[in-house]
There are 2 protein chains.
Amino acid sequence: MPDGTMRPTALRAPYHHGGLEAALIAAARAIAERDGPDGVSLRAVARAAGVSQAAPYHHFADKDALLAAVAAEGFRELRAALLARAEAAGGDPFERLRALAAGYVGFARARPALFRLMETPAFQRAGAYRALDAARQKSYLPLADAVAECLPGASRAKRVNACAAVWSLAHGMAILASDGRLGGLVDLSDLDKATDALIRQLNIAAAPGA
Amino acid sequence: MPDGTMRPTALRAPYHHGGLEAALIAAARAIAERDGPDGVSLRAVARAAGVSQAAPYHHFADKDALLAAVAAEGFRELRAALLARAEAAGGDPFERLRALAAGYVGFARARPALFRLMETPAFQRAGAYRALDAARQKSYLPLADAVAECLPGASRAKRVNACAAVWSLAHGMAILASDGRLGGLVDLSDLDKATDALIRQLNIAAAPGA
DNA sequence: GCATGGTCCTGACGCTGTAAAGATTCGGTT
DNA sequence: AACCGAATCTTTACAGCGTCAGGACCATGC
């Protein structure tokens, strides 16, 4: 193509992208899942979306804001995955709790790069990204609810403690499993079962199966 | 100072630094603890050590190798802190286990940036940095030993499960606490007590005090 | 006294995030 | 239909980054 500057209008990409914001989020996520969170450069994202390097700044304040949007999408998907598992688990609260924990760990294991991005400490700072905060908060609720239902008569302190224990255990497992570091201790090929075994070690409810 | 090139020898820094490797590690750690792991630039580290930007390459293969050295130092300190806590805890295995978990979480809370650096996934890849791997491995042993001593007659599977549970719980607490995210659930001002309460929720041994 | 090799510096390359200024196009108002 | 403001996108530019090549310095061993 000898004439680069005057390509026929029909073949040239339209000046206005149309859905650039969504395209940037998708491209950033794809790159993050391929090369890890640190492999994401704003310029590469822009290239992948077919726009100039400065175009993203019309949709995101800076690079962190774009990554925060990706993370928020991740939390929404995490929430959806948790709700689906809870639904499938049926009515027993402890059963549901174990399903939620397994879902949490499984999500991290299935999308390690995305999970790592969601855990990036730059975005933890509450108040910095409101949409992210909201999505994160909402993603944690199913777990807290299930814990509360497991301990109907307990004091608030007891419930809070149990909630912290479950969350910490699931979070720790999620991180260790997503990095493959739990491999020497538990069978990562059947992560649901492994999570079950660990959650059962918590004094949350009388574990029926044993 | 009009004559920049011919400063008197007595006032000029010696051409050979003397202890550059250690100075670089210390500078990198100081910057990481002030600005976070991502705030560390090789050039800034070199500036802080009073050498040129390329000098570090005579002591470290690349930036990651320097950060890995900082992380290894962190793991050695973590191990020392854990051993000290175990020593102070006395003879009861479960008491020692709780002290170790509290030490683990306390370390992360006291040095959040260093802990975050140690958990950087780029360094998790086993075999990439041998000294780091060794230091990390060794830092985990006290916890595993204490768990084993808590369950003297148990099967290997049971001990491994308990070990994974303790490690996951402590690790999750460490990360959540070092980011301050556990604040809504537990009292971060008395982290030892909070860790105690959570570890007690594990069916590791009959918790005596209740 | 001189060569060797380790330690350090200067300068350069291509990459990054981001700002400023101009071009293009859309939507709504005359 | 003509216009204008606002939104979107491009070009250009700057400083800082990790890293490398080539040269300067100097402690050590012959």
Side-chain angles (χ1 to χ4, degrees), chain A residues 4-28 31-32 34-70 117 120 122-123 128-129, chain B residues 3-25 27-28 31-32 34-70 117 120 122-123 128-129:
Chain A
T5 65
M6 285 303 256
R7 230 175 340 168
T9 310
L11 292 183
R12 198 179 47 199
Y15 192 88
H16 285 335
H17 183 287
L20 184 55
E21 182 167 335
L24 289 171
I25 294 178
I31 294 176
R34 185 161 41 82
D35 305 336
D38 290 350
V40 179
S41 91
L42 209 47
R43 294 166 107 107
V45 171
R47 271 192 301 271
V51 294
S52 83
Q53 66 203 226
Y57 285 90
H58 292 274
H59 299 273
F60 300 97
D62 54 15
K63 182 187 178 182
D64 274 2
L66 170 57
L67 293 182
V70 175
L117 179 60
T120 295
F123 310 143
Y129 301 100
Chain B
D3 186 3
T5 65
M6 287 301 259
R7 227 172 349 164
T9 310
L11 292 183
R12 195 179 48 197
Y15 190 87
H16 285 335
H17 183 286
L20 184 54
E21 181 168 335
L24 289 171
I25 293 177
I31 294 176
R34 186 161 41 80
D35 304 336
D38 290 350
V40 179
S41 90
L42 209 47
R43 293 165 109 106
V45 171
R47 273 192 300 271
V51 294
S52 83
Q53 67 206 223
Y57 285 90
H58 291 273
H59 301 272
F60 300 97
D62 53 15
K63 183 187 179 183
D64 274 0
L66 170 58
L67 293 181
V70 176
L117 179 60
T120 295
F123 310 143
Y129 301 100

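Convention: sequence-line order gives letters A, B, ...; per-chain numbering from 1.
Going from atom CG of B:D62 over to atom C1' of D:dC17 covers 14 Å, rounded to whole Å. As rounded to whole Å, 14 Å separates atom C1' of D:dC17 from atom CG of A:D38. Straight-line distance from the CG atom of A:L42 to the P atom of D:dC9: 14 Å, rounded to whole Å. Look at NZ on A:K63: it is 15 Å from P on C:dC15, rounded to the nearest Å. As a whole-Å value, the separation of A:L24 CG from D:dT8 P is 12 Å. In this structure, A:E21 places its CD atom 15 Å from C1' of D:dC9, rounding to the nearest Å.
In this structure, B:H59 NE2 and B:L24 CG are separated by 6.5 Å, a value rounded to the nearest 0.5 Å. Interatomic distance, B:R47 CZ to B:S52 OG, rounded to the nearest 0.5 Å: 11.5 Å. Interatomic distance, A:H58 NE2 to A:E21 CD, rounded to the nearest 0.5 Å: 13.0 Å.
With D:dG18, C:dC8, D:dC9 as the choices, the nucleotide that has an atom nearest any side-chain atom of B:L20 turns out to be C:dC8. Ranking D:dC20, C:dT7, C:dG17 by closeness to the B:H58 side chain, first place goes to C:dT7. Here the side chain of B:A55 is nearest to one of C:dC9, D:dC17, C:dG17, namely C:dC9. Listed nucleotides D:dG18, D:dT10, C:dC8 differ in distance to B:H59; the shortest reach to its side chain belongs to C:dC8.
In terms of polar N and O atoms assigned as donor or acceptor, the side chain of A:Q53 never comes within less than 3.5 Å of the base of C:dA19 in a complementary pairing.
When each of A:Y57 and B:R43 is assigned the nucleotide of DNA chain C bearing its nearest heavy atom, the one mapping closer to the 5' terminus is B:R43.
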* For the pair A:L66 and A:K63, evaluate side chain to side chain contact (heavy atoms under 4.5 Å, CB included) and give the outcome as yes or no after the intermediate values. => CA-CA 5 Å; A:L66 170 57; A:K63 182 187 178 182; 5.6 Å; no
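Remark: A:S52 is not in phosphate contact with D:dC9, judged by side-chain N or O atoms under 4.0 Å from OP1 or OP2. Of the side-chain N and O atoms in B:R47, one or more sit less than 4.0 angstrom from OP1 or OP2 of D:dC17.
For the pair B:L67 and B:T120, the minimum side-chain heavy-atom distance is 4.5 Å or more.
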